[in-house]
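Predicted model, so just to flag it, every value in this text is computed and none were measured.
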Amino acid sequence: MRGFFDTSRTFTVRYAGLSFYWAWVFLSFNSSDLTVQGGSHEILSVVHIVSSAAAMVTFAIALVLYRRIMACDSKRIGVGLVAGSLVSCAGTVLYTFPGLAGNDALSVLGAVISGLTCSAIVLGWGVAYRDLAARNAVLFTSMTFFGAAILYFAVSHMSPAASSIAVSLFPVLAASSLAYSLAKQGMNRSGEPLAAVRPSWTGELANLLRTGLSWRIVVGLVAALFVCGGMRVYFGDIAPVVYRDPVLMSLPIAFGAAVFFVYGMFVSRVSLNLGTLYRVAMPLFALALVLIALFGGDNASLAFFMMSTASVLFEILTWALLVEITRTTHYPPLLIFAVGRLAVHVGIVAGELTAFAMIGDLMVFAILAIGILFVSAGFTFADRDTTFLFEPPTPEELERLGVPVGDGASASGRPKAEPAVEADVLGQCESIVDEDLLIRSNLTSRIDAMAREYGFSPREKEVFALWVTGRGSKYIQETFVISEATVKTHVRHIYEKCDVHNRAELMSKLENIPV
């Protein structure tokens with residue numbers, strides 16, 4: 001019970017502020033009572049398209065400049081985020097405040113302003129969530145969405161002026177709480193200037209898409225959000241009343257959050273398997289498409305509930321997956337979240353623009369979208385991409401252990417270490433060491449000490465010995481003739497026995513273990 005209250009206190013103080021960002025998103029782009037206010041209903045979709053397109057600019061800038069940004073002082077970043085949130089507050093007022101919201105030109109201008117600035121806030125929250133254990137990442141994410149559902153329902157019952165003011169202040173509250181959280185953590189985990197230790201951003205992006213945030217996941221996100229974006233437009237055209245029902249809007253958010261919270265109660269402390277939930281959410285999109293295409297507005301509420309639940313579940317899953325990739329790989333969180341959020345917004349904008357172009361051909365769009373869903377479901381969100389991602393130590397970590405770094409490439413795509421573990425020390429491992437080097441580095445003694453202290457099985461010790469010298473999953477599979485899933489199981493057990501949540505923590509224990 002004490003652990004529960006400690007966790008709740010940590011969430012409230014450090015991570016709950018993300019709820020304000022999600023509430024701002026849902027209220028700004030899903031509530032026609034708040035956004036339209038006398039204007040044409042289509043402006044709700046236009047505001048969303050423009051804001052999403054503006055956000056893509058910010059994500060692209062972050063993708064290119066992530067090393068410089070991550071090297072900045074967290075206080076300076078916090079001040080910049082709060083200043084940007086004040087600009088976003090002004091932009092939100094332009095498309096929500098009574099008397100202004102009916103002016104389409106002002107609404108579009110406000111969407112551009114808020115899209116450019118609020119997107120920086122969500123990237124910052126990605127950095128703040130980077131160090132959470134797997135279970136806490138799931139629980140905290142679901143709790144922020146549940147908080148957003150409560151805020152949505154509450155604001156929807158305010159007067160137009162009061163609701164506009166409340167929603168406009170949400171970015172400020174999100175940025176202020178984020179600044180506090182980052183001040184406790186810092187931006188750069190290692191404390192070193194990232195530009196000095198990282199390859200070019202294009203090289204690191206290519207490695208990321210080959211390993212951590214694979215291209216299959218990116219394609220799956222674009223495909224699923226393409227469908228979601230298109231359906232937003234069609235619901236606005238066929239059954240705009242759904243965007244005026246606060247219960248119908250907030251209930252899917254709360255339901256999706258509750259489902260994910262229950263999942264989090266049973267998930268491992270050190271690893272996630274999100275592929276199954278992704279594959280459950282995708283048929284909900286397809287069913288909603290079928291209902292709205294065949295029966296039009298007659299079943300709008302049911303179809304909208306399924307579509308909203310699926311899209312919320314996708315948002316929750318994607319956030320948790322990006323946190324998991326950040327936690328278990330060496331890639332900077334800003335790069336990971338910039339790529340992930342960019343994929344989400346590309347899909348949404350493409351879907352909405354396509355739906356506008358085919359506004360009179362709902363059946364054609366439905367057939368196209370269902371085809372995209374089923375094709376992408378066949379090769380995206382595979383378990384190998386969403387189940388316990390892990391990678392070998394970084395070259396800097398290997399050097400701290402006294403292991404020289406060669407010019408080759410490991411299975412992860414990064415420079416790998418020269419062979420550094422003796423066969424007669426590790427039993428079944430092949431001979432891959434220079435004995436003099438081994439004596440100088442004390443690596444074998446450290447591995448033996450770790451295995452004894454934390455109770456590694458013989459095979460876990462063998463896997464750990466290869467992994468800790470820079471060998472990736474593929475090399476370990478070939479050495480012991482085992483599957484990728486078995487390698488992941490061994491590494492996951494090592495994490496659990498050592499009570500660590502990521503590679504950096506495990507390497508720190510190895511470096512500090514007495515020998």
**Q** To the nearest 0.5 Å, how far apart are CG in Leu335 and CE in Met70?
**A**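 Here the rounded value is 9.5 Å.
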**Q** List for me each residue that meets side-chain hydrogen bond (donor to acceptor under 3.5 Å, both in side chains) alongside Ser311, sequence neighbours excluded, and say none if there are none.
**A**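 For Ser311, no residue satisfies side-chain hydrogen bond (donor to acceptor under 3.5 Å, both in side chains) once neighbours in sequence are set aside.
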**Q** Under a 3.5 Å cutoff, is there a donor and acceptor pairing between the side chains of Ser28 and Tyr95?
**A** yes
**Q** Side-chain contact, heavy-atom cut-off 4.5 Å: Leu27 with Met249?
**A** no
**Q** Among all residues two or more places apart in sequence or in another chain, which pass the side-chain hydrogen bond (donor to acceptor under 3.5 Å, both in side chains) test with Ser85?
**A** none
**Q** Can you check whether Thr92's main-chain N or O pairs, donor with acceptor, with Thr96's side chain at less than 3.5 Å?
**A** yes
**Q** Could you check whether atom CZ of Phe255 has more than 12 heavy atoms from other residues, nucleotides or ligands sitting under 6.0 Å from it?
**A**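 Counting neighbours around CZ of Phe255, 12 or fewer heavy atoms of other residues, nucleotides or ligands fall under 6.0 Å, so no.
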**Q** Can you tell me how far apart CZ (Arg341) and CD1 (Ile336) are? Round to the nearest 0.5 Å.
**A** 14.0 Å
**Q** Is the shortest distance from a Lys or Arg side-chain nitrogen in Arg130 or Glu324 to a carboxylate oxygen in the other one below 4.0 Å?
**A** no
**Q** Could you walk me through whether Phe365 and Tyr234 pass the ring-ring contact (aromatic ring centres under 6.0 Å, His included) check?
**A** CA-CA 10 Å; Phe365 179 84; Tyr234 280 110; 5.2 Å; yes
**Q** Between the side chain of Ser114 and the main-chain N/O of Gly110, is any donor-acceptor distance below 3.5 Å?
**A** yes
**Q** So, does Thr309 use its side chain to make a donor-acceptor pair with the main chain of Met306 at under 3.5 Å?
**A** no
**Q** Can you name the nearest heavy-atom pair linking Leu221 to Gly340, along with the distance?
**A**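 Looking at all heavy atoms of both residues, the closest pair is CD1-O, 4.3 Å.
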**Q** Quick one: does Leu213's side chain get under 4.5 Å of Val218's, heavy atoms only?
**A**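 Leu213 reaches Val218 side chain to side chain.
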**Q** Any non-hydrogen side-chain atom of Phe59 less than 4.5 Å from a side-chain atom of Val339?
**A**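 No, too far: nothing below the 4.5 Å cut-off.
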**Q** On a heavy-atom basis, which atom in Val167 and which in Val155 lie closest, and how many Å separate them?
**A** CG2-CG1, 3.7 Å
**Q** Going from CG on Leu109 to CG on Asp104, what distance comes out if it is rounded to the nearest 0.5 angstrom?
**A**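 Result: 12.5 Å between the selected atoms.
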**Q** In Å, rounded to the nearest 0.5 Å, how long is the span from CG of Leu209 to CZ of Arg216?
**A** 11.0 Å
**Q** Please find the pair of heavy atoms, one from Val312 and one from Pro252, that lie closest to each other, and give the distance.
**A**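 Result for this residue pair: CG1-O, 4.1 Å.
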**Q** Is the Phe235 to Phe304 ring centre distance short of 6.0 Å?
**A**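 So the answer is yes for these two rings.
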**Q** Under 3.5 Å, side-chain donor or acceptor atoms of residues 15-23 against the rest of the protein: list the pairs with distances, not counting sequence neighbours.
**A**
{"residue": "Ser19", "atom": "OG", "partner": "Ala16", "partner atom": "O", "Å": "3.1"}
{"residue": "Ser19", "atom": "OG", "partner": "Thr144", "partner atom": "O", "Å": "3.0"}

**Q** Going by atom types alone, do Thr58 and Ser119 pair a side-chain donor with an acceptor below 3.5 Å?
**A**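 A pair is found: one side chain offers a donor N or O, the other an acceptor, under 3.5 Å apart.
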**Q** Using 0.5 Å steps for rounding, measure from the CG atom of Asn30 to the CG atom of Asp245.
**A**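 Atom-to-atom, Asn30:CG and Asp245:CG are 12.5 Å apart.
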**Q** Could you go step by step and tell me if Leu321 and Ile217 meet the side chain to side chain contact (heavy atoms under 4.5 Å, CB included) rule?
**A** CA-CA 10 Å; Leu321 179 62; Ile217 293 176; 3.8 Å; yes
**Q** Quick one: are Tyr180 and Arg14 in side-chain contact, heavy atoms under 4.5 Å?
**A**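 Of all side-chain heavy-atom pairs linking Arg14 with Tyr180, at least one is under 4.5 Å.
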**Q** Would you please name every residue forming a side-chain hydrogen bond (donor to acceptor under 3.5 Å, both in side chains) with Ser176, sequence neighbours left out?
**A** none
**Q** Around atom CZ of Phe146, are there more than 12 heavy atoms from other residues, nucleotides or ligands closer than 6.0 Å?
**A**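 No, not enclosed.
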**Q** Could you report the tightest heavy-atom contact between Ala120 and Leu81, atom names first, then the distance?
**A**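 Nearest heavy atoms, Ala120 then Leu81: O-CD2, 3.7 Å.
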**Q** Evaluate Val138 against Met265 for side chain to side chain contact (heavy atoms under 4.5 Å, CB included), listing each step before the verdict.
**A** CA-CA 9 Å; Val138 172; Met265 298 297 291; over 6 Å; no
**Q** Could you check whether any side-chain heavy atom of Ser301 comes within less than 4.5 Å of a side-chain heavy atom of Leu248, counting everything from C-beta outward?
**A** yes
**Q** Aromatic contact between Phe337 and Trp319, with the criterion being ring centroids under 6.0 Å apart: yes or no?
**A** yes
**Q** Heavy atoms, side chains only, cut-off 4.5 Å: are Cys118 and Trp24 in contact?
**A** yes
**Q** Closer than 3.5 angstrom, by distance alone: can the side chain of Ser308 be matched with the main-chain N or O of Phe305 as a donor-acceptor pair?
**A** no
**Q** Please report, to 0.1 Å, the donor-acceptor pairs under 3.5 Å made by any side chain of residues 345-362, with sequence neighbours excluded.
**A**
{"residue": "Glu352", "atom": "OE1", "partner": "His48", "partner atom": "ND1", "Å": "3.3"}
{"residue": "Glu352", "atom": "OE2", "partner": "His48", "partner atom": "ND1", "Å": "2.9"}
{"residue": "Glu352", "atom": "OE2", "partner": "Arg232", "partner atom": "NE", "Å": "2.9"}
{"residue": "Thr354", "atom": "OG1", "partner": "Ala350", "partner atom": "O", "Å": "2.7"}

**Q** With side chains defined as the heavy atoms from C-beta onward, is the minimum distance between Cys89 and Pro171 less than 4.5 Å?
**A** no
**Q** Looking only at atom types and distance, does a side-chain atom of Tyr331 sit under 3.5 Å from a main-chain N or O of Asn207, one as donor and one as acceptor?
**A** yes
**Q** Can you name the residues that form a side-chain hydrogen bond (donor to acceptor under 3.5 Å, both in side chains) with Ser107, not counting sequence neighbours?
**A**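 With neighbours one apart ignored, the set is empty.
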**Q** Please check: side-chain N/O of Ser177 versus main-chain N/O of Ala174, any donor-acceptor pairing under 3.5 Å?
**A** yes
**Q** Please report the interatomic distance OG(Ser88) to CD1(Ile121), rounded to the nearest 0.5 Å.
**A** 5.5 Å
**Q** Could you tell me whether the side chain of Leu139 reaches within less than 4.5 Å of the side chain of Phe260, counting heavy atoms only?
**A** no
